[in-house]
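In what follows, a structure is listed as structure tokens, so that the remarks can point back to it.
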Amino acid sequence: MPSDLSVEQAIDRRRLTVAALFMTGAASLVAATTLMAKVLGQDLLGPPLPGFMVSAGRFLFAWMALVPVILIMRPGFAGTKWRLHVYRSVSGWATVTCIFTAAALMPLGDATAISFLNPLIAMVLAIPLLGERVGPWRWGAAAAAVLGALVLIRPGMAAFQPAALIALGAAVFGAFEVIFVKQLAGKAEGGGEPPVRILFVNNSIGATVALCVALTVWQWPTQQQWMVLAAIGFTMVTAQSLFIQAMKRADASYVIPFFYATLVFAALYDAAVFGVIPMPLSIVGAALIVTGAIVLVWRERVNRVVEET
């Protein structure tokens with residue numbers, strides 16, 4: 001008969017495998033939403049939709065998908081940190097708007113890779129905002145990622161991508177969102193807010209902000225565009241749910257690297273639908289950014305283990 005230890009190890013391996021699959025699934029869906037945003041930003045299904053409208057559709061339909069869940073689960077809203085949720089949601093809306101806009105103007109792989117700078121920017125912001133200390137390993141990771149971003153943006157070269165600056169904006173706003181999420185987690189010691197409540201509050205505030213801004217550039221979508229907007233919203237809320245489930249089953253240091261598969265999926269989708277093949281420089285730049293981000297995750301894991309011991 002198998003020992004209790006071997007059974008426990010098998011259960012642990014199964015748990016880690018499921019967590020990895022959930023995170024990889026989330027990555028594939030996030031990349032799919034970016035692909036759909038690119039379709040809407042071009043004239044394939046009608047007049048191109050502005051990025052503000054695409055992000056409004058993403059939040060509106062995600063909110064609609066969550067309403068039945070909220071009515072069934074009734075999580076309650078006592079103890080909700082509304083101010084931080086507003087900051088986090090506005091930052092998230094700005095991030096989504098920038099990445100969707102950039103996706104319509106440049107290769108998906110490049111836009112996705114540049115947006116992955118957000119954990120490195122968050123590391124820098126955490127120094128004055130959260131009082132965190134940063135060691136040489138993390139500064140080295142940041143340097144590698146910045147070098148990768150410069151390779152992708154190519155400033156001063158004939159191949160300079162102006163749209164890359166919009167993707168860089170997504171990374172900056174995403175970094176602020178990371179900071180606000182960390183603050184929410186810090187204030188939730190002893191039991192955080194229920195994940196379904198966090199999703200609902202985030203998408204409710206995001207939908208409100210996004211719709212108000214979208215009205216300033218409103219144009220009536222075609223029937224096909226409405227369908228794609230709905231698909232973006234439902235796909236994104238599914239991706240968020242898979243992300244949360246992955247994080248519940250394993251440490252962030254284990255599952256987060258699987259999320260960088262988003263870059264691979266984005267490049268594959270772009271090649272399959274638009275025939276865009278990544279340039280060698282793009283592959284090098286993306287590899288530098290992802291390497292820097294993974295090193296950062298690893299160092300955070302090492303620092304946490306040291307603190308616990």
Non-hydrogen side-chain atoms of [X] and [Y] separated by less than 4.5 Å:
| X | Y | answer |
| --- | --- | --- |
| L199 | S241 | yes |
| L44 | Q224 | no |
| F258 | L21 | no |
| R14 | T17 | no |
| T33 | F100 | yes |
| F200 | V67 | yes |
| L45 | V228 | yes |

Distance check, rounded to the nearest 0.5 Å: [X] atom [atom1] versus [Y] atom [atom2]?
| X | Y | atom1 | atom2 | result |
| --- | --- | --- | --- | --- |
| N203 | S89 | CG | OG | 8.0 Å |
| C98 | I166 | SG | CD1 | 7.0 Å |
| K81 | I198 | NZ | CD1 | 9.5 Å |
| L49 | T101 | CG | OG1 | 11.0 Å |
| F234 | L66 | CZ | CG | 10.0 Å |
| F173 | S91 | CZ | OG | 7.5 Å |

Side-chain donor/acceptor of [X] to backbone N/O of [Y], under 3.5 Å:
| X | Y | answer |
| --- | --- | --- |
| T95 | G174 | yes |
| R197 | G76 | yes |
| T262 | F259 | yes |
| Q219 | P48 | yes |
| Q225 | W220 | no |
| T34 | V30 | yes |
| R74 | I70 | no |
| T112 | G109 | no |

Do you reckon [X] sits in the same ILVMFWY cluster as [Y], going by side-chain contacts under 4.5 Å, direct or chained?
| X | Y | answer |
| --- | --- | --- |
| I114 | V264 | no |
| V201 | M73 | yes |
| L29 | L40 | no |
| F59 | V69 | yes |
| V209 | M64 | yes |

Ignoring hydrogens, what is the shortest heavy-atom contact between [X] and [Y]? Give both atom names and the distance.
| X | Y | value |
| --- | --- | --- |
| M53 | V217 | SD-O, 3.8 Å |
| A266 | A31 | N-CB, 3.7 Å |
| A239 | A26 | O-CB, 3.5 Å |
| A167 | A111 | CB-O, 3.9 Å |
| G25 | L242 | C-CD1, 3.9 Å |
| P68 | A65 | CD-O, 3.5 Å |

L60 and its side chain to side chain contact (heavy atoms under 4.5 Å, CB included) partner, picked from T208, I232, L229, L211: L211

Aromatic ring pairing F180/Y87, orientation class (parallel under 30°, perpendicular over 60°, tilted between): tilted

Full working for side chain to side chain contact (heavy atoms under 4.5 Å, CB included) between H85 and N202: CA-CA 7 Å; H85 276 293; N202 172 245; 5.6 Å; no

Evaluation steps, side chain to side chain contact (heavy atoms under 4.5 Å, CB included), between W93 and V213: CA-CA 11 Å; W93 161 77; V213 176; 3.8 Å; yes

T97/F52 under side chain to side chain contact (heavy atoms under 4.5 Å, CB included): CA gap, chis, key distance, verdict: CA-CA 6 Å; T97 300; F52 286 138; 3.5 Å; yes

Under 3.5 Å side-chain donor-acceptor pair for W226 and T222: no

Pair listing, side chain to side chain donor-acceptor pair (under 3.5 Å) test, anchored in residues 267-278, at least two apart: K38-D270

CA sep, side-chain torsions, deciding dist, call: Q240, V237, side chain to side chain contact (heavy atoms under 4.5 Å, CB included): CA-CA 5 Å; Q240 289 178 313; V237 78; 4.1 Å; yes

